[in-house]
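Below is one structure; the comments refer to it alone.
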Amino acid sequence: MIPGRSFFNKLSLVKEILIFEGLSWREHNRIARVAELVEYNKGDVICRQGAPADAFYALVSGRVYSYTMNAAGQKGGVDFLLRGMHFGIISALTGEDHSHSYQAVNDSVVLRIDKDSFARVLKTTPMLALALSSNLSRRLRGQSVGSSRVHENVIITVYAPVKGSGSSTYAANLALFLKAQGETKRVLLLSLSSDTASTLPSLSELIMDHQHVLAAIRKDALAIHVLGLKFDSADNGLSNRISQFVSAFVNDYDHVVFDLSSPLDEVTLKILAQSDVVHLVTLGFGKDLELARQVLDKFPPVLKEGISFHKVKVIVSGAERRNCLRPDKIRKILDHDIFLNLPFIKPGEANEEVIGEGFSLTRVAPDSDYAVILQRLSRQIGGSLIGIALGGGAALGLAHVGIIRVLEKENIPVDIIAGSSMGALIGALWAAGYKADEIEVFAREFENKTALLRLFDPPVQRGMVLTMVVIMLAFSSFSLLAFLFMIFIIPIAFVPISGLIRGKAIKRWLKSKLGRRTFLHLRIPLRIVAYDLYYRREIVIDDGLLIDAVCKSIAIPGVIRPVMEDGQMIIDGGVMNPLPTNVLVDMGVKKIIAVNVLQSPEQASWGQKQEVEQARQLASVSFKDDPRRYLINRLTRLCLGAITPNIADIVVRTLQASEYILAEKSGKQADVLIHPDLAGINWFEIYEADKLLKRGVDAAVKHLPDIQALVKR
């Protein structure tokens, strides 16, 4: 709603426009007489790129989104303009077409002066002409004046359609952790209650006086600023003014968190629609989910198309776990993805703090699971997520465990993991909540070489079928044919065609560790990379059963049979993306740690020389000096000679040679690249856990100062 169209009202608004500061009363008067106030709804385009020059614009209330559009239809040059800022100035001064499009982020009021009237104002106002000339000069030098880059998640509204969902606890702690991202962060927690019997101040009495509202904010109780207000949802006049109130704080705060407790009335809907992000909090069972679904169904009519930064995120609260439905059923009821699953707050993990009369909040312990999740979310909102890319390398990937141990010991926060091949397997265990010590125990299950047989399940089905055929032929008096089958066909049938092993034994082992966990059950968000050979495309998996995703990513060509699914042949993600830093970059992660466990050519060469030297020393032992050792050495050489080189070893070494080159390129996208020295260890030597873990620890310790500096940046 336009705040009054009278001359005196326009005069007071002109004085608030930054570019008009320093002008005299007479000059303000002259500008007010030719200006008009125009109201735009959320999503309306005020002026479009390429349109003819028409006017000078200044923002009275709300926010405006500025952008350019290239020939491919992609947006660029994004800026956010706040109250008191101006735009369209270059077109107004030069007569050129608009170089940007300007779109209302919130319901906005704009002061508009058509270009001819503005030209006459400039002729009679030398100081304004000088200020605008300086402004234009700086813009042409590439500096943005009169606009400010503002993070998209400035206004976050936390809303729950039912009481008891823990939404107020969530909102308060989200605000506290947003503040913890930096001492200079300005965060406001604004609690709005529809309980008219509350002792809180009334919103309707303050809404038209922004300075009065600012004076009511408590700034001394917490690190964040807090304001509690009540409102009457039946107040029709309030619904016409609420849009301006929602966006009024963006000039004063980096983040405004609305804690909204109200039925879904017109005022509530307008607040939700004007927010940058809505966090819809619900409990995970029937009745509450149905109410949340009703809220989601109400959104499309009040949201505008094309404003991609406005998002609705569903938060499933951990306030009550009894009768909570499975994530897949919750998603089906809501017809909406679940953004976050909040853990249950255990006794002793929270305490209540009274902020003022009628206003209190619950603060959670900083070391609780609940706090860990909100800390990660606050870094995501603040654009400072820390991600780690765990690369592939077969058994060499056990070095990841040593690196994880150092990160845990030094309390290095990791907000998201991207894993490929063995990096996907280790990353999945870590993301599921296992600590480095526990993952090490799993790895040591294979320290005894014979334990590897537990994972060996050759594709014998074809051979068994043909054996039955031979038996049937033998009993049917076709003895010669049965003999020929047995000599020539059956041995070939046991030769692996699609992989040395089927991978079912590995899947059983994984299931014993991960059970039926899905990506929604993870303590740390995870992305797993695989590759589809048929369609020649990378697959980034972030949904479904965890063991299924891991099995796809570790299907090493020639070793483990590919996963055939939905017309795809899915193999090891490391074949084309051995170090998935690109996955983190695409997700907007700003701080990236990458771990490349593939051997460099120099490391591989050194290891091969060591093997040759070791073989030479063994061969030098004579029968006379040590008969037992001599016979063992000869027998070992005979056995190894029969299976070396073998197709699996040739394929894996070939792949790792090319993967190293790809990983080197991917590593350039990381802020910190860790490359353990794994020379002298072969890709299949999973039983060398001691060496692999130690070298991972050594590499992480070496890069620890860089990692700590990255976290603080």
query = Do Asp548 and Lys507 pass the salt bridge (Lys or Arg N to Asp or Glu O under 4.0 Å) test, and can you show the C-alpha distance, the side-chain angles, and the key distance before you say yes or no?
reply = CA-CA 8 Å; Asp548 289 345; Lys507 190 169 185 176; 3.1 Å; yes
Do the non-hydrogen side-chain atoms of [X] and [Y] ever get within less than 4.5 Å of each other?
| X | Y | value |
| --- | --- | --- |
| Phe519 | Leu545 | no |
| Pro557 | Leu655 | yes |
| Leu662 | Asn577 | no |
| Ile403 | Val697 | no |
| Lys409 | Val406 | no |
| Tyr534 | Ile570 | no |
| Val312 | Phe339 | no |
| Met422 | Ile554 | no |

task = Just do the side chain to side chain contact (heavy atoms under 4.5 Å, CB included) check on Leu289 and Leu334 with the steps written out, would you?
result = CA-CA 7 Å; Leu289 292 171; Leu334 295 177; 4.2 Å; yes
task = Carefully, step by step, assess Ile330 and Ile338 under the rule side chain to side chain contact (heavy atoms under 4.5 Å, CB included).
result = CA-CA 8 Å; Ile330 294 175; Ile338 300 171; 3.7 Å; yes
Can you tell whether the side chains of [X] and [Y] come within less than 4.0 Å, N to carboxylate O?
| X | Y | result |
| --- | --- | --- |
| Asp671 | Lys591 | no |
| Lys694 | Asp698 | yes |
| Arg293 | Glu290 | no |
| Glu440 | Arg405 | yes |

key: Matching residue for Tyr531 among Arg536, Met569, Gln568 - test: side chain to side chain contact (heavy atoms under 4.5 Å, CB included)   =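 Exactly one candidate clears the test, Arg536.
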task = Using the side chain to side chain contact (heavy atoms under 4.5 Å, CB included) rule, pick out the option among Leu520, Val314, Ile315 that qualifies with Asn341.
result =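 The single option meeting the side chain to side chain contact (heavy atoms under 4.5 Å, CB included) with Asn341 is Leu520.
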So how far is it from [X] [atom1] to [Y] [atom2], rounded to the nearest 0.5 Å?
| X | Y | atom1 | atom2 | result |
| --- | --- | --- | --- | --- |
| Leu374 | Gln380 | CG | CD | 11.5 Å |
| Leu398 | Glu685 | CG | CD | 11.5 Å |
| Ile373 | Ser378 | CD1 | OG | 12.0 Å |
| Ile686 | Leu396 | CD1 | CG | 10.5 Å |
| Leu526 | Arg517 | CG | CZ | 12.5 Å |
| Ile528 | Asp543 | CD1 | CG | 11.5 Å |

inquiry  = For the NZ atom on Lys313, are there more than 12 heavy atoms of other groups (residues, nucleotides or ligands in this structure) within a distance under 6.0 Å?
reply    =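 It does: Lys313 NZ has more than 12 such atoms within range.
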inquiry  = For Arg537, I'd like to know if atom CZ has over 12 heavy atoms of other residues, nucleotides or ligands within 6.0 Å.
reply    =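 Result for CZ/Arg537: enclosed.
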query = Considering residues at least two apart in sequence or located in another chain, which fulfil the side-chain contact (heavy atoms from CB on, under 4.5 Å) criterion with Asp415?
reply =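 Listed in chain order: Arg376, Arg379, Leu385, Ile386.
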ask   = Does anything in residues 551-560 pair up under side-chain hydrogen bond (donor to acceptor under 3.5 Å, both in side chains), and if so which pairs, sequence neighbours excluded?
value =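 Of all non-adjacent pairs touching residues 551-560, those that pass side-chain hydrogen bond (donor to acceptor under 3.5 Å, both in side chains) are Lys552-Glu565.
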request  = Could you walk me through whether His336 and Leu280 pass the side chain to side chain contact (heavy atoms under 4.5 Å, CB included) test, one step at a time?
outcome  = CA-CA 11 Å; His336 199 286; Leu280 179 61; over 6 Å; no
key: Ring-face cation of Lys513 near Tyr434 (centre distance under 6.0 Å, axis angle within 45°)   =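 Not flagged: Lys513 not positioned over aromatic ring of Tyr434.
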ask   = Would you say the side-chain atoms of Asp572 and Ser421 include a donor-acceptor pair closer than 3.5 Å?
value =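 Checked: Asp572/Ser421 side chains pair up, N/O donor to acceptor below 3.5 Å.
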key: Flag for Trp683-Gln599: side-chain donor and acceptor within less than 3.5 Å   =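 Not at all, the side chains of Gln599 and Trp683 share no donor-acceptor pair under 3.5 Å.
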request  = Give a yes or no answer on whether the side chain of Arg695 reaches the backbone of Pro676 with a donor-acceptor pair at less than 3.5 Å.
outcome  =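 No.
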ask   = Can Phe442 and Trp509 be said to form a side chain to side chain contact (heavy atoms under 4.5 Å, CB included), step by step?
value = CA-CA 10 Å; Phe442 300 156; Trp509 181 85; 3.9 Å; yes
